[in-house]
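Worksheet for the structure shown next.
Nothing fancy with the numbering, it's 1 onward along the sequence.
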Amino acid sequence: MTAGLPIRVSDLTKAFGSVEAVTGVTFTAEAGRVTGFVGPNGAGKSTTMRMLLGLTEPDDGVALFGDTAYRDLASPTGTVGAVLDIAAAHPATSARGHLKTFCDLGGHQRARVDTVIESVELGGYADRQVKGFSTGMRQRLALATALLGDPGVLVLDEPSNGLDPAGIVWLRTFLRDFAAGGGTVLISSHVLTELQYSIDDLVLIDHGRITWSGGLADFTAHGATLEEAFLALTAKEPTR
Ligand SMILES: Nc1ncnc2c1ncn2[C@@H]1O[C@H](COP(=O)(O)OP(=O)(O)OP(=O)(O)O)[C@@H](O)[C@H]1O
């Protein structure tokens, strides 16, 4: 694994027409830690993550990996692994075929294909066509694709969607091990009961603005669960 770099987000701002999706978002996700990025529907999580990866152009602000924007990284996929959606694989290809294609596109060693299949425990399905995959299997394949470049940073938008209970425990263990090895993990999720056991730090976003950031233990002080503390701090009215 390459060294984990801190993710430094400073004053990120993005509007879509009259919708202020993200306003002045500032936080750091440290290396060696799992940082949860949580907020209600429409709060601005995906827009922020897309701006991190250069997929959405911010109106203002910067997002850096260490000191470098994603598009200026010497090896983007060798530095940052990202899972933003799981719809990318061609249905008629096998998981192994999909991984070989992305391995070549990223300029990574072909040996990585078997390594990542093993890492995400996709071995029994690696040679089956992706069109028969369950959502959980697609999630594992998306994560495997993100790991091809052996990155030190993971940016994951709702990676536990569709995973069964064993898959959720597996993902938690995987992310904790990744951070313990010095990696940086930024993960968004609505499954707060699960996130409570996965993260070290928390960034809370609501209506496009950061409303809290810091250690999980501080957020859940006085015995509250993450879910209770989240509901107490989040605006009651539906987001946009
Ligand atoms: N391409 C777009 N065009 C117009 N509006 C957009 C676009 N992308 C996001 N938005 C709006 O920006 C706001 C933030 O959306 P975003 O998807 O970032 O929220 P989110 O926190 O990821 O939500 P969810 O938890 O539901 O996935 C919402 O009001 C959304 O409707």
Side-chain angles (χ1 to χ4, degrees), residues 1-4 29 31-37 49 53 75-200:
M1 184 172 99
T2 53
R33 297 176 78 81
V34 181
T35 300
F37 190 36
M49 287 177 149
L53 300 166
S75 172
T77 55
T79 308
V80 183
V83 177
L84 295 194
D85 61 57
I86 56 171
H90 189 284
T93 191
S94 65
R96 191 186 303 281
H98 170 83
L99 290 167
K100 279 182 181 166
T101 301
F102 277 80
C103 194
D104 293 349
L105 281 172
H108 309 303
Q109 298 285 332
R110 270 281 177 97
R112 289 292 303 162
V113 171
D114 284 332
T115 304
V116 300
I117 287 172
E118 201 174 309
S119 295
V120 305
E121 299 180 4
L122 204 56
Y125 306 98
D127 296 306
R128 293 199 201 169
Q129 285 190 331
V130 172
K131 67 182 173 193
F133 275 23
S134 67
T135 309
M137 287 152 70
R138 287 171 195 271
Q139 283 285 13
R140 287 179 192 247
L141 178 57
L143 183 56
T145 310
L147 292 170
L148 281 167
D150 205 12
V153 181
L154 288 177
V155 175
L156 309 174
D157 197 2
E158 297 278 347
S160 57
N161 265 358
L163 290 180
D164 60 19
I168 287 174
V169 172
W170 164 80
L171 179 66
R172 179 202 310 161
T173 307
F174 179 86
L175 297 180
R176 295 243 46 99
D177 289 349
F178 187 88
T184 312
V185 182
L186 181 67
I187 173 177
S188 84
S189 178
H190 289 296
V191 190
L192 301 183
T193 46
E194 160 52 25
L195 213 54
Q196 175 138 17
Y197 299 106
S198 305
I199 64 175
D200 303 296

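Listed by chain and number, the residues in a side chain to side chain donor-acceptor pair (under 3.5 Å) with E194 are R172, S198 (sequence neighbours excluded). Under the side chain to side chain contact (heavy atoms under 4.5 Å, CB included) criterion, T93 pairs with H90, H98, V130, sequence neighbours left out. Listed by chain and number, the residues in a side chain to side chain contact (heavy atoms under 4.5 Å, CB included) with A179 are V34 (sequence neighbours excluded). The ring-ring contact (aromatic ring centres under 6.0 Å, His included) search around F174 returns W170, not counting sequence neighbours. Listed by chain and number, the residues in a salt bridge (charged side-chain N to carboxylate O under 4.0 Å, His left out) with D177 amount to none (sequence neighbours excluded). A search for side chain to side chain donor-acceptor pair (under 3.5 Å) contacts involving D104 returns R110, not counting sequence neighbours. Applying the salt bridge (charged side-chain N to carboxylate O under 4.0 Å, His left out) test to R33 and every residue at least two apart in sequence or in another chain returns D201. With sequence neighbours left out, the side chain to side chain contact (heavy atoms under 4.5 Å, CB included) criterion links A29 to I7, T35, T184, L186. Legend: residues meeting side chain to side chain donor-acceptor pair (under 3.5 Å) with T77, ordered by chain and number and at least two apart, are H108. Listed by chain and residue number, nothing satisfies the side chain to side chain donor-acceptor pair (under 3.5 Å) test with R128 (two or more places apart in sequence, or in another chain).
Taking CG from D127 and CG from L122, the interatomic distance works out to 10.0 Å, rounded to the nearest 0.5 Å. Once rounded to the nearest 0.5 Å, the distance linking OG of S134 with CG of D164 reads 8.0 Å. Considering NZ of K100 and OG of S94, their distance stands at 7.0 Å, rounded to 0.5 Å. One distance of note links CG of L143 with CG of L154; it measures 6.5 Å at 0.5 Å rounding. In this structure, the separation between CE on M49 and CZ on F37 is 6.5 Å, given to the nearest 0.5 Å. Remark: D114 CG to I117 CD1 distance equals 5.5 Å, nearest 0.5 Å.
Side-chain N or O atoms of Q139 include one that pairs as donor or acceptor with a backbone N or O of N161 at under 3.5 Å.
Considering every non-hydrogen atom in both D200 and R176, the closest pair reads OD1-NH2, 2.9 Å. Between F133 and Y125 the shortest heavy-atom distance is CZ-O, 3.5 Å. Across V191 and S160, no two heavy atoms sit closer than the pair CG2-OG, 4.2 Å. Of all non-hydrogen atoms in A146 and P151, the two that sit nearest each other are O-CG, 3.4 Å. Among all heavy-atom pairs drawn from C103 and L148, the shortest one is N-CD1, 3.6 Å. Taking each heavy atom of S189 and L195 in turn, the nearest pair found is CB-CD1, 3.9 Å.
A salt bridge (Lys or Arg N to Asp or Glu O under 4.0 Å) check over residues 142-163, counting only residues at least two apart or in different chains, returns the pairs R112-D150. The ring pair (Phe, Tyr, Trp, His ring centres under 6.0 Å) pairs that include a residue from residues 175-198 number zero, where partners must be two or more places apart or lie in different chains.
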